[in-house]
> 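Let me give you the structure first, and then I'll get to my questions.
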Amino acid sequence: MRVPESWLREFVDLDWDIHTIAERLTFSGTSVEDVLTPFNVSGEILTGKIVDKKPHPSSEKLLVCSVDVGERVYTVVTADKSVKVGDFVVVALPGTTLHNGTKVEPRNFAGVVSEAMLCSLEELGLEEKSEVVYRFPSEVQLGLDVVKTFGLDERVLELEVTPNRPDCLSIYGVARELSALSGRPLKKPVPHVVLTSEEENFEVLVEDEQGCPRYTARIMKGVRVGDSPLWMKARLVAAGMRSINNVVDCTNYVMLETGHPVHAFDMRRLKHRRIVVRAAKGGERVVLLDEKEYELKGGEVVITDGENVLALGGVMGGLESGVREDTEDLVLEVAYFDPVRIRKTSKSLGVSTESSYRFERGVDPNDAEYVSLRLSELIQKVAGGVVLERFWDVYPRKVEPRKIVLRKERIRKILGVEVVNAKDLLEGLELKVEEAGDSYRVTVPTFRPDLEREIDLIEEIGRINGYEKIEPRVISVPAVNVGWTKKQVFRRELAQYMKGMGFDEVITFSFVDGEFVKRYPITDRETVFLVNPIASDMNVMRPSQFYSLVSVFAENFKRQNRDIKLFEIGKVYYKSGGEYVEEETLAAICGGLENPRDYTDKRETSFYTVKGVLDELFERLGVEVSYERIVRPGLFPTRAARVLIGGEEIGFLGMVDPELLREIDVKGKDVYFFELKLQKLFESTRKIPTYRPTPRFPSIRRDVSILVPKDFESLKIVRLFEKVGGSVVEEVGVSDVYEGKGVPDGYVSVTFYVVFRSVDRTLTDEEVNELFEKMVLEVEKTFGVRRRF
Amino acid sequence: MDLETIEREAVARLQSVGSLQELEQFRIEYLGKKGKVTSLLKDLKNIPPEERPVFGKRVNELKEKIERLFETKREELQKLAEREAQERLRVDVSIPGARRKVGHTHPISKVLEEIERIFVSMGFDVVEGPEIETTWHNFDALNTPEWHPARDEHDSFYITKDLLLRTHTSPVQIRTMLERKPPIAIISPGRVYRRDYDATHLPMFHQVEGLHVDRDLSVAHLKFTLEEFARRMFGEKTKIRLRPSFFPFTEPSFEVDVFLPSHGWLEILGAGMVDPNVFLNVGYDPEEWTGYAFGMGVERIAMIKYGITDIREFVRNDVRFLSSY
């Protein structure tokens, strides 16, 4: 909402400057976003009269005019050949700055010096594009300062009005706020209209009372449609509207001033001398003032003449029934439409107008008579014509002002402060207040549909009184609270662990590209689609973090980041048995060097290093897991496994399919990914670590390298070692995996280590050697493998 | 060979010795079992008995002298050898360390944790809820009926007609109030979604909302809590001010500006007293209970705190960006 300063000051006499006004409004709930100067013209711009014109001696395209500005006559060259002697024009003298920033200087046009310049509306900032210089519609005094007289030095408050305050969508309403804040009286314009008792055969029928609780019409005859006076143009443009013609401009002017949208019909277009307001039928068509044809869905409030749709009630007038150059007789509509119905219409047809914006927030149903008179007055002033006394008003169920009881105690309880002048504050807003002991009886005028309850009145008192007056008071919070839950703490510890392992935390969108999911269905879960995605590649909720992390990896790769380790703790989404499920997971992706800034470590991330990250985690959490080879779209088939806890899959890890990576321009890098379900992991975590006494006797370690076929699962050897070795075997593990020179094709050399220790004595080399030999022989025999050394 | 000659030779030899090996050679040659000095003592039997004491004494003196010289030389050479050994182990202390990769916390997580920590220390519980919400929890229960213009400000992503991605974490407040009896004090952090994507808006971002319900809570308490939060978050010199505004679920409602000496006044929070309709929707008696609620955008706070100018950095996740936090 744009509020021109001069217009505002017409209704309330403030001694505040514009910045004080802006601040007071802002701190009472109507936020002033900016103070604008819409015209930006300065210097000497005067009214003048063309007293002589001659063709230019050497250019056919130019005219040489003599322009009288009262004190002297200027020679002005113009390219607008439609200028006539006797025209009243706007003359910019040298030194003037025009709207587009150009400075006016004397200028030589092919031998003739132009001493000043004739201005168009465009050059004054009053319209988008002008073809001709501006001519006043009628005589004006010469030598007037155009900037001051017509308000081209206007400053404008740009307001952000919250949706509960339709009353502030008007200049007068904003003035009312300032009156309440300053204590200065509010001045309401009293319309002076000459009415004629002439009768007219005309009727108004409202069939859709729900959609249109009130419809009023007034008739004017013999108006002359034309250009609006300059002052009116200036105000409308300052308020952010375009000037159309004097009648339409009056309707907009009244809407801006009162907040009540109104409409003028050309009476000739009403076939049957009547207005019928009804709900639209589906499939009806109408061309509106934006020159577009709309097909109605049914249920919109339409204004008809009983046959044709004249307008979309409360939203926009029809092109056919609008005011044009040759219109003489008018039907002036001031109506009240149901906010929800207007909002539905506006949403379903995708049209939002100044009118619908106000109606859907709530317009005063009871000011129709006043608004109708004010509109008639203005039209009469700028376009002439007679106003019929007869006022057609269909208002079957009057909306009564609301009465609310406001308890004084409750004001204190909510605001936390005593407000002694609550009554004055409310009365400043034009509410009627009667004091009745411990409470006030408040009558709320119908221009404030937002004030429905006691609490709404308390807010009014609070904001006019000012919140800076409230002193903070210490809180005490119930002691039963626990702060973070164990799960929340667990999640943070997981993140800490991942960071310790070198993974950077990322946050990615929960929606991903549905095509990507379809091409590489890494889970068989049912995808959740968005009805209205913001982009086609963000159209489904991710069923796995795979898609998010692969994309972030590729994005980083594109930006020349080559050594990457990323993780995210976030949700995945899917549909299961008709229900929408959100499940939290820990996911990670990595590729490139393990420690890119460690020149002593040249290792690249591999399946085994990633699995190491998981195994270390599971050991710390005290979770027993097993791994099983899997084949899944998106993962390289011979390098993927799932992770199980007691037979239930809690996640998977694997190398990202290089073919997929090639498609997104990630080349020459092995990339690994894993994802774990957080809830299951959390539940399986050992809550209290088991105490194991620190060993007292020394241990002995033995290593052996065994050649195994590539498709052999070495964990079987570990298990057999443990079994054969018995109680003196403390730990069995792998210390190397080697392929290459010395190892036949199709085989891998896996080096196992065994740590022997007894809890009650020192073991001897001899007994360990003997036992270890037995263990290795057993392995060789059982699996048909042989040791390398 | 007479003693003088041996002594002269030995001193000269010793001077030319340059290594511990040569020195050992020297020792064997002069002081060894068959060395030149030792041999002199063996010659003793060829000396007349009356001269023997004198000769013996002189030989011993010579032996001691050479031993002394030998010892001095040995120490000298030993030191030299140690220095050479140390030189071989020299490192360049100016070379940057070989650094192990340690991951970084995403700035949003960092700020989230900081916010949570402040409220947890003030006694609030941290409560979470679903992101796929019913329109009832997201709007209706929060006093925003279907055709309310305020819904425009939350352009939402829909899953079905009645399910959407929550546009704020306020529905968690509804869920909590439906589950627990007052008094309650909670914050609800999490992801929220609105259909907006440019340099200042992400379609998915993070919020922390808070709710405190008890008997007799007023705007004065709201002011205390938020001022306390702002001070702990942004520093002791921080001030706040309330600008009246509108949210359907609070009445009165405020935009809360925070004053930072480095930035001036910044709009950081929305807040207000819980609207009685919200209490009625969850079965609390608004005559008995009052409360205040507040909410803030985590990205915005992170941008202010770290001077980040493009909100899209947060989801771009460039590792060079991440490694600054």
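Each chain gets a letter, A, B and so on, in the order the sequences are listed, and its residues count up from 1. Fair warning: this is a prediction, and the values are worked out from it, not measured in the lab.
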> Please rank E227(B), R99(B), K223(B) by heavy-atom pairs under 4.5 Å with chain A and give me the top one.
R99(B)
> Report which part of K487(A) has an atom under 4.5 Å of a heavy atom belonging to chain B: side chain, backbone, both, or neither.
neither
> How far apart are the closest heavy atoms of S245(B) and T162(A), and which atoms are they?
OG-CG2, 4.0 Å
> Hey, what do you get for CD1 (I240(B)) to CD (E468(A)), rounding to the nearest 0.5 Å?
12.5 Å
> Going by an N to O cut-off under 4.0 Å, is there a salt bridge joining K101(B) and D563(A)?
no
> Taking every non-hydrogen pair under 4.5 Å, which of A185(B), P203(B), P130(B), P244(B) racks up the most with chain A?
P244(B)
> Side chain, backbone, both or neither: which part of Y357(A) has an atom under 4.5 Å from a heavy atom of chain B?
neither
> Run the numbers on Y193(B) and F509(A) for ring pair (Phe, Tyr, Trp, His ring centres under 6.0 Å), then give the verdict.
CA-CA 10 Å; Y193(B) 303 85; F509(A) 287 143; 8.8 Å; no
> CG of D504(A) to CG of N317(B): how many Å apart, nearest 0.5 Å?
9.5 Å
> Is chain B contacted by the side chain of S31(A), its backbone, both, or neither, given a heavy-atom distance below 4.5 Å?
side chain
> Counting heavy-atom pairs closer than 4.5 Å to chain A, which one of R191(B), R316(B), M273(B), H212(B) comes out on top?
R191(B)
> Using non-hydrogen atoms and a 4.5 Å limit, figure out which bit of F247(B) sits close to chain A: side chain, backbone, both or neither.
neither
> Between R241(B) and E23(A), does any NZ, NE, NH1 or NH2 come within less than 4.0 Å of an OD or OE carboxylate oxygen?
no
> What part of M538(A) gets closer than 4.5 Å to chain B, counting heavy atoms only: side chain, backbone, both or neither?
side chain
> Looking only at heavy atoms, what is the nearest atom pair of P183(B) and P478(A), with distance?
O-CG, 3.9 Å
> Under a 4.0 Å threshold between the charged nitrogen and the carboxylate oxygen, would E113(B) count as salt-bridged to R492(A)?
yes
> Dump the intermediate steps for side-chain hydrogen bond (donor to acceptor under 3.5 Å, both in side chains) on S109(B) and E505(A), then the final yes or no.
CA-CA 9 Å; S109(B) 291; E505(A) 186 186 24; 2.8 Å; yes
> At a 4.5 Å cut-off on heavy atoms, which part of F503(A) comes close to chain B: side chain, backbone, both, or neither?
backbone
> With a 4.5 angstrom heavy-atom cut-off, which part of T26(A) approaches chain B: side chain, backbone, both or neither?
both
> So which heavy atom on K413(A) is nearest to which on S218(B), and how close?
O-CB, 3.2 Å
> To the nearest 0.5 Å, what is the distance between CD1 on I534(A) and NE2 on H201(B)?
10.5 Å
> Please identify, among L164(B), T225(B), L165(B), L226(B), the residue contributing the most non-hydrogen atom pairs under 4.5 Å to chain A.
L165(B)
> Which distance, rounded to the nearest 0.5 Å, do you find between the CD of E555(A) and the CG of D318(B)?
8.5 Å
> Grab the two heavy atoms, one from P533(A) and one from R195(B), that are nearest each other, plus how far apart they are.
O-NH2, 3.2 Å
> Quick one: closest heavy-atom pair of V531(A) and T160(B), and the distance?
CG2-N, 4.2 Å
> Quick check on V528(A) against chain B: is it the side chain, the backbone, both or neither that has a heavy atom closer than 4.5 Å?
side chain
> Give, as side chain, backbone, both or neither, the part of N164(A) having an atom under 4.5 angstrom from any heavy atom of chain B.
both
> Which pair of heavy atoms, one from A98(B) and one from Y599(A), lies closest together, and at what distance?
N-OH, 3.5 Å
> Among P107(B), P96(B), S323(B), which residue has the highest count of heavy-atom pairs closer than 4.5 Å to chain A?
P96(B)
> Measuring from atom CZ of R453(A) to atom CD of E251(B), what distance do you get when rounded to the nearest 0.5 angstrom?
6.0 Å
> What part of D214(B) is in contact with chain A, defined as an atom under 4.5 angstrom from a non-hydrogen atom: side chain, backbone, both or neither?
side chain
> Where on L566(A) is there a heavy atom nearer than 4.5 Å to chain B: the side chain, the backbone, both, or neither?
side chain
> Nearest 0.5 Å, what's the OG1-CD distance between T485(A) and E128(B)?
6.5 Å
